[in-house]
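Only this structure's heavy atoms are used, side chains among them; waters, hydrogens and symmetry mates stay out. Reminder, nothing fancy here: chain letters follow the sequence lines and each chain counts from 1.
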Amino acid sequence: MIPNQDISTRLLAWFDQYGRHDLPWQHPRTPYRVWLSEIMLQQTQVSVVTAYFQRFVDALPNLPALANARQDKVLALWSGLGYYARARNLHAAAKLCVEHHNGDLPHELAALIALPGIGRSTAGAILSQAWNTPAPILDGNVKRVLCRVFGIEGWPGTPAIEKQLWTLAESLLPDARQADWTQAQMDFGATLCTRHNPACPQCPLQMLCVAWRDGRSNALPTPKPGKTLPQRDAHMLILDDGQGRVLLQRRPPAGIWAALWSLPEHANNETAQVWFQRHIDGDFGAARALPVLIHGFSHYRLRIQPQLITVNGLRCAVGDNADLRWIHRADLHTLGLPAPVRKLLEQTQ
DNA sequence: AAACCGGGGCA
DNA sequence: TGCCCAGGTTT
C-alpha cells in the first residue's frame, strides 16, 4: 500500500512551488468568495471564471448583498458563464442562508449540502478553503489523479468506484494546511496530471504512481463507457439468380422497417439454412460471406452478416411466396429499401 | 460530433 | 440507493 501521507506531503511541496497562489478568490479568502468561486468553477475553467468572478463580487460583495439582489441582476452578472441553474441555485441558497444561518454560510457539511447547488465535493472545498476544516473533495481533477496514482481501473462514475475514491480522498487529508491541500489537488490535476498528455516526467508523485509504473497514465481513468446500445445480429441472404435479379422479402407489417422490402433475414446461420433449403433451389454451401455491416438505430445496433449465393430459383413446391419477389437490380430504385439493404445491394452488383 | 462533469431528480 | 439527465463548452 502506498504511504498516503507521502502523497499530501509531496503535493503540498509541489503546490508551494508551482501552484496558483494569486487567484482572485484567494485574496481575500472569505467564505462567500470561496463559495462563489467554487460554483463558478463547477463546469468552467479558471481562465474564464476570473473575470466573471471579479465583476460579480464588485457588484455583490457579500452574501446578504446577493440575497437581496433581484434575480435579473444575478443572472445578468452570470450572463456568458452558462449553466444558469448554478446562478439560480446560488441566489436561492443565499436567501436560505439569510433566513436560516444569520446571513452566513453554515460551517457543517450536512447543512452545506442541504443548500441548492452544493454537493459533497463543493461542500468539502468550501469547508477546507473557508475555515481550514479537514474535508475531502472529489471533483474531476481529483478523480483522475487518484485513479492514476492508485491504478484504479473502471469508469470512476460507477457508485462502487466513486465510494472507493471518496475513501481514498479522505485518507489523504493532511494534518494541516487544509485549504492549501484542496487547492493543491485542483492545481495538480489542472496543470500537471492533465487528462491528455500528463507531464509525468515532472511529476512529484512519479515514484509511487501505479499508472506510471504500469505505463497506463494515458489509459486511466477508464473513460465512460459509450452508450452501449444493445446489439442484435441479423444474417441476410443476397440470393442472385445469375440473370441480374435478387430475391427480396416483404417485412412484417409491424416492427422495424415495417412492410418494407428487404433481404431474407434470419437470426443465425442455422435458421437461415433451414429457410433456404425449404424455399430455394440451390446450394447453401456455396454461400460467400461478405463483410459485416453495422447499422445503428436509436435504440440498438444491428450487426448484419450478409451472405451472397447464386441460386437456380425458388422451389416450386412452396406455394406461399407472396412475400418473396425477384427484382432486377436496375429496378431497385423504384422500391423503398432499408438504407443498409440498399447499401449492401449496391456493393454487390 | 462527442466527451466532459458535479448536482439534481426520479424510480 | 442507484441511475440518468441537463446544460454549454472543449477537444
Side-chain angles (χ1 to χ4, degrees), chain A residues 25 34-53 56 71 74-97 105-106 109-129 135-148 152 154-170 182-183 185-191 193-199 217-230 294-301:
Chain A
W25 42 91
V34 166
W35 172 41
L36 175 63
S37 72
E38 285 302 323
I39 301 300
M40 285 186 166
L41 288 166
Q42 270 173 5
Q43 281 98 341
T44 313
Q45 292 182 351
V46 166
S47 58
V48 178
V49 163
T50 48
Y52 284 89
F53 176 87
F56 199 103
Q71 188 181 54
V74 177
L75 290 174
L77 288 166
W78 205 270
S79 172
L81 267 181
Y83 307 102
Y84 297 94
R86 292 185 295 174
R88 289 192 294 272
N89 285 335
L90 184 82
H91 195 203
K95 291 179 174 176
L96 287 169
C97 288
L105 279 168
L109 182 71
L112 281 169
I113 290 174
L115 294 169
I118 299 179
R120 184 172 173 191
S121 186
T122 301
I126 293 171
L127 286 171
S128 57
Q129 300 198 83
I137 63 168
L138 193 63
D139 67 357
N141 287 319
V142 178
K143 284 180 182 175
R144 181 171 59 253
V145 171
L146 294 181
C147 282
R148 284 177 177 158
I152 294 171
W155 179 54
T158 61
I161 293 180
E162 191 151 318
K163 193 176 168 197
Q164 184 185 359
L165 292 173
W166 271 115
T167 303
L168 272 176
E170 191 133 36
T182 287
Q183 190 65 49
Q185 291 172 93
M186 298 194 289
D187 290 358
F188 180 72
T191 67
C193 195
T194 51
R195 190 152 64 88
H196 298 292
N197 302 318
S217 303
N218 271 317
L220 293 177
T222 306
K224 180 189 172 95
K227 282 211 189 306
T228 48
L229 299 177
I294 306 286
H295 183 71
F297 292 102
S298 61
H299 49 309
Y300 67 92
R301 279 153 52 93

Any sub-3.5 Å donor-acceptor pair from A:Arg144's side-chain atoms to A:Pro221's backbone N or O?
no

Test of understanding: with side chain to side chain contact (heavy atoms under 4.5 Å, CB included), list the residues that count as partners of A:Val145, not counting sequence neighbours.
A:Val149, A:Phe188, A:Cys193

For nucleotides 5-11 of chain B, read 5' to 3', which letter fits each nucleotide if B means a protein heavy atom sits under 4.0 Å from the base, S means only the sugar-phosphate is that close, and - means neither?
BBSS---

With rounding to the closest Å, how many angstrom separate the P atoms on C:dG2 and B:dC5?
22 Å

Side chain of A:Thr194, backbone of A:Ala190: donor and acceptor closer than 3.5 Å?
no

Round to a whole Å and report the spacing from NE2 of A:His196 to P of C:dT10.
14 Å

Write down the distance between CD (A:Gln45) and P (C:dT10), rounded to a whole number of angstrom.
6 Å

Can you check whether A:Ile118's main-chain N or O pairs, donor with acceptor, with A:Gln42's side chain at less than 3.5 Å?
no

Atom pairs and distances, side-chain donor-acceptor, residues 77-84 of chain A, under 3.5 Å, sequence neighbours left out:
| unit_1 | atom_1 | unit_2 | atom_2 | d |
| --- | --- | --- | --- | --- |
| A:Trp78 | NE1 | A:Gly82 | O | 3.0 |
| A:Tyr84 | OH | A:Gly80 | N | 3.0 |

Write down the distance between OH (A:Tyr84) and C1' (C:dG7), rounded to a whole number of angstrom.
11 Å

Mind checking whether A:Trp155 and A:Pro223 have side chains closer than 4.5 Å, heavy atoms only?
no

Taking for each residue the nucleotide of DNA chain C bearing the nearest heavy atom, is the 5' side occupied by A:Pro159 or by A:Ala85?
A:Pro159

